Amino acid sequence: MNVFKYFRALLEKELETLAASGNLPVGLKTDAITVEPPRDAAHGDMATNAALVLAKQAAIKPRDLATKLVPGLLALDEVDDVEIAGPGFINIRLAPSFWQGCVSGIVASGLSYGDSTLGGNEAVNVEYVSANPTGPLHVGHTRGAVFGDALANLLTKAGYRVTKEYYINDAGSQIDTLARSAYLRYCEVHGRHIGDIPEGLYPGDYLIPVGQALKEKYGDRFLDEEEGAWLSVVREDATAAMMSLIRSDLEALGITQEIFHSEKALHASGEIEAAIEDLRAAGHIYEGVLEPPKGKKPDDWEPREQTLFRATDFGDDVDRPLKKSDGTYTYFAADIAYHHDKIKRGFHAMIDVWGADHGGYVKRMQAAVRALDDKADLDVKLCQLVRLFRAGEPVKMSKRAGTFITMRDVVDEVGRDVTRFIMLTRKNDAPLDFDFTKVTEQSRDNPVFYVQYAHARVCSVLRKAQELFPHMDTDDSALAGADLSRLTRDGELALIRHMAAWPRLVESAAEAHEPHRVAFFLYDLASEFHTLWNRGNDDPSDRFLIEEDAGLTQARLALLRAAALVIASGLSVLGVVPVKEMR
RNA sequence: GUCCCCGUAGCUCAGCAGGAUAGAGCAUCAGAUUCCUAAUCUGAGGGCCGCAGGUUCGAAUCCUGCCGGGGACACCA
């Protein structure tokens, strides 16, 4: 339950009551009303701007309007105190019993705590990674992969029906390059001297096994043959090999996408023509000549009549070509067909996760989606660069020298969970520094550790509790039913308030398509927890396990269990497994 | 030349679809350990939220224009 939504609903009811009794005008617009946690805890547990927002419509001064609302709010069982503050905020202080009840609610819900019905089971398509199948995934892909996957989890938790997809760019000229590179390795495993890999081909060792496999499958059949004899065969096999490499890389990160859609298949099936015909029928296609780009003019610019999509009618800066000079379709045309396909499969909400270097492509794709279906909406999330460091020193990478760092390298060195968490410690559109040394450090500076440590500490206390109280029932149903009125310390209530905000955070992060907020939330929650833990250092009566008071201990264990569940629930959105002890 | 992203403490960054006195971590300084893991915690200093206008009860947040940094700009993918 989102407690803020709950109280907002109660507030609306009160407004209706006041309107019915003639104390307020009827039909006030309440959209702008918010009920949210105040920044300053001194302002109570919840604050609403209702009086400020309604004052003008109701023609009543904000503070006077607030005064009308107070008695009704004060009459609620959950409310302890209400005060009017500043220009007309209403600050609400809730009864401790309300917060205490939250704890048993959390423990009873377990990992599903925070699940929301916000999405109303709406279908959402999340497309991410979609790297060219020409080699293993590198660090840059890792960020997009983790981001997309966490976003999918987040949307699922928020009540959307999510489909995760990968668009295989297997139709372009880079696939020919892949095939030629693999062919070279094929010659090599036949004992031919290939020397240095020529400029323009892929030099990576990962193609050697592909050459080997080609040899095993085809023997020497293609040796000394013209390209025409082997290109399409090798292209097919090499692409398949690369896709299985990529899929196993993704698996190492714990990522599984349901749909892998091939660009090549779009060309073969006639879906591109179909999509373009749809657009043409709607009047969005024409034959025309583009103006040369201002400023930087390409050397080989020549005016040429092309098949163009009227992207400018849908917010783009120029109209976009759908066919190349050789008559084949552009990448954009195929991508239109792909999104056309998504729409036909019933998706109105689509999210694409791209690298920031594709920023220039966003407007045209959104324009195309809008042109295809005015009910469809495409959000594009751009992921900025990952800068690698080791002990503060930048890690030098060179594709030519073959020293680029792959996703596999990162996961092998620091582990899946660390990789995933760290990739979400920045907003997607901000660059991210990834320091191999720092991310495995055990300090507050390292958010993964800090959050995991909090979870491990809870598990440690629960283990200790069983030693100290062998007869105490510490399973979840017992803890949920404990007498929680014993939870009265400030730090305990602060922790509960934080946990109570989890459902709200899930909803707002899901609406904004920003999974990094979950990572920050967990860090703050962990901080709240560690603070409470350390109170016990100053005052033994503040420890969780009080030997002479089993009832109090059980209440505190329920609190800790709730904290661990919220952490685990948040980590599961990030795709990270909570640990029971630190090693 | 056009478009997109960014500009918040010395450094790295949050800031919740406009709210009250702008927050963390690191670094600096001062403290806490007979103890469930001190791998942690407490406190202090540190800010024209790039600049200038606008919108309104109220702006770091929305709009416009500048300045600075990054990225992208017919037919590649």
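Being a predicted model, the structure only gives us computed values, none of them experimental. Just so it is clear: chains get the letters A, B, ... in the order the sequence lines come, proteins before strands, and each one is counted from 1. Note that these values count all heavy atoms, side chains included, but never hydrogens, waters or copies made by symmetry.
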Applying a 4.0 Å non-hydrogen cut-off, can you work out what [X] is touching in the nucleic acid: base, sugar-phosphate, or nothing?
X: A:Glu263; value: sugar-phosphate
X: A:Gly536; value: base
X: A:Phe89; value: base
X: A:Asn49; value: base
X: A:Pro431; value: sugar-phosphate
X: A:Phe521; value: nothing
X: A:Ala85; value: base
X: A:Asp176; value: nothing
X: A:Ala47; value: base

Check whether any side-chain N or O of [X] sits under 4.0 Å from OP1 or OP2 of [N], and answer yes or no.
X: A:Trp533; N: B:A38; answer: yes
X: A:Arg457; N: B:A38; answer: yes
X: A:His516; N: B:G15; answer: yes
X: A:Lys56; N: B:C57; answer: yes
X: A:Thr531; N: B:U42; answer: yes
X: A:Arg39; N: B:A20; answer: yes

Whole angstroms only, please: what is the [atom1]-[atom2] distance between [X] and [N]?
X: A:Asn2; N: B:C16; atom1: CG; atom2: C1'; value: 12 Å
X: A:Lys427; N: B:C6; atom1: NZ; atom2: P; value: 6 Å
X: A:Met365; N: B:C4; atom1: CE; atom2: C1'; value: 17 Å
X: A:Asp445; N: B:C26; atom1: CG; atom2: C1'; value: 6 Å
X: A:Asn446; N: B:C13; atom1: CG; atom2: C1'; value: 15 Å
X: A:Asp357; N: B:C76; atom1: CG; atom2: P; value: 16 Å
X: A:Asp524; N: B:A14; atom1: CG; atom2: P; value: 13 Å
X: A:Lys5; N: B:C16; atom1: NZ; atom2: P; value: 17 Å

Span that lies between the [atom1] atom of [M] and that of [N], in whole angstrom:
N: B:A17; M: B:C6; atom1: P; result: 15 Å
N: B:A9; M: B:G50; atom1: C1'; result: 15 Å
N: B:A59; M: B:C49; atom1: P; result: 13 Å
N: B:U2; M: B:C48; atom1: C1'; result: 33 Å

Counting heavy atoms from C-beta on, name the nucleotide in [options] closest to the side chain of [X].
X: A:Tyr450; options: B:C41, B:U37, B:C75; result: B:C41
X: A:Tyr523; options: B:A14, B:G19, B:G25; result: B:G25
X: A:Ser508; options: B:C16, B:C75, B:A14; result: B:C16
X: A:Asp317; options: B:C3, B:C41, B:A20; result: B:C3
X: A:His530; options: B:A77, B:G15, B:U40; result: B:U40
X: A:Pro321; options: B:C5, B:A74, B:G19; result: B:A74
X: A:Ser173; options: B:C76, B:C36, B:U56; result: B:C76
X: A:Arg504; options: B:C16, B:A32, B:C75; result: B:C16
X: A:Arg517; options: B:A14, B:U37, B:A17; result: B:A17
X: A:Leu52; options: B:C26, B:G19, B:C13; result: B:G19

Do NZ/NE/NH1/NH2 and the carboxylate oxygens of [X] and [Y] come within less than 4.0 Å?
X: A:Asp435; Y: A:Arg390; value: no
X: A:Arg497; Y: A:Glu528; value: no
X: A:Arg426; Y: A:Asp433; value: no

Any donor-acceptor pair under 3.5 Å joining the side chain of [X] to the base of [N]?
X: A:Asp40; N: B:A22; value: no
X: A:Arg304; N: B:C75; value: yes
X: A:Arg444; N: B:C41; value: no
X: A:Asn534; N: B:U40; value: yes

Centroid-centroid under 6.0 Å between [X] and [Y] rings:
X: A:His530; Y: A:Tyr450; value: yes
X: A:Phe436; Y: A:Phe434; value: yes
X: A:Tyr128; Y: A:Tyr166; value: no
X: A:His498; Y: A:Phe529; value: no

Taking side chain to side chain contact (heavy atoms under 4.5 Å, CB included) as the criterion, tell me which of A:Leu201, A:Asn132, A:Thr134 meets it with A:Thr177. A:Leu201

Range-with-range stems of RNA chain B (Watson-Crick or G-U pairs under 3.5 Å, three or more in a row): B:1-7 with B:67-73, B:10-13 with B:23-26, B:28-32 with B:40-44, B:50-54 with B:62-66

With A:Arg310 as the cation and A:Tyr286 as the aromatic partner, state whether NZ or CZ is under 6.0 Å from the six-membered ring centre and within 45° of the axis. yes

A:Arg556 to A:Phe544, cation-pi by 6.0 Å centre distance and 45° axis angle: no

More 5' along RNA chain B: A:Asn537 or A:Glu511, using each one's nearest nucleotide? A:Glu511

By ring-ring contact (aromatic ring centres under 6.0 Å, His included) - contacts of A:His340 (at least two apart): none

Give a yes/no verdict on base stacking between B:A72 and A:His358: centres under 5.5 Å, planes within less than 30° of parallel. no

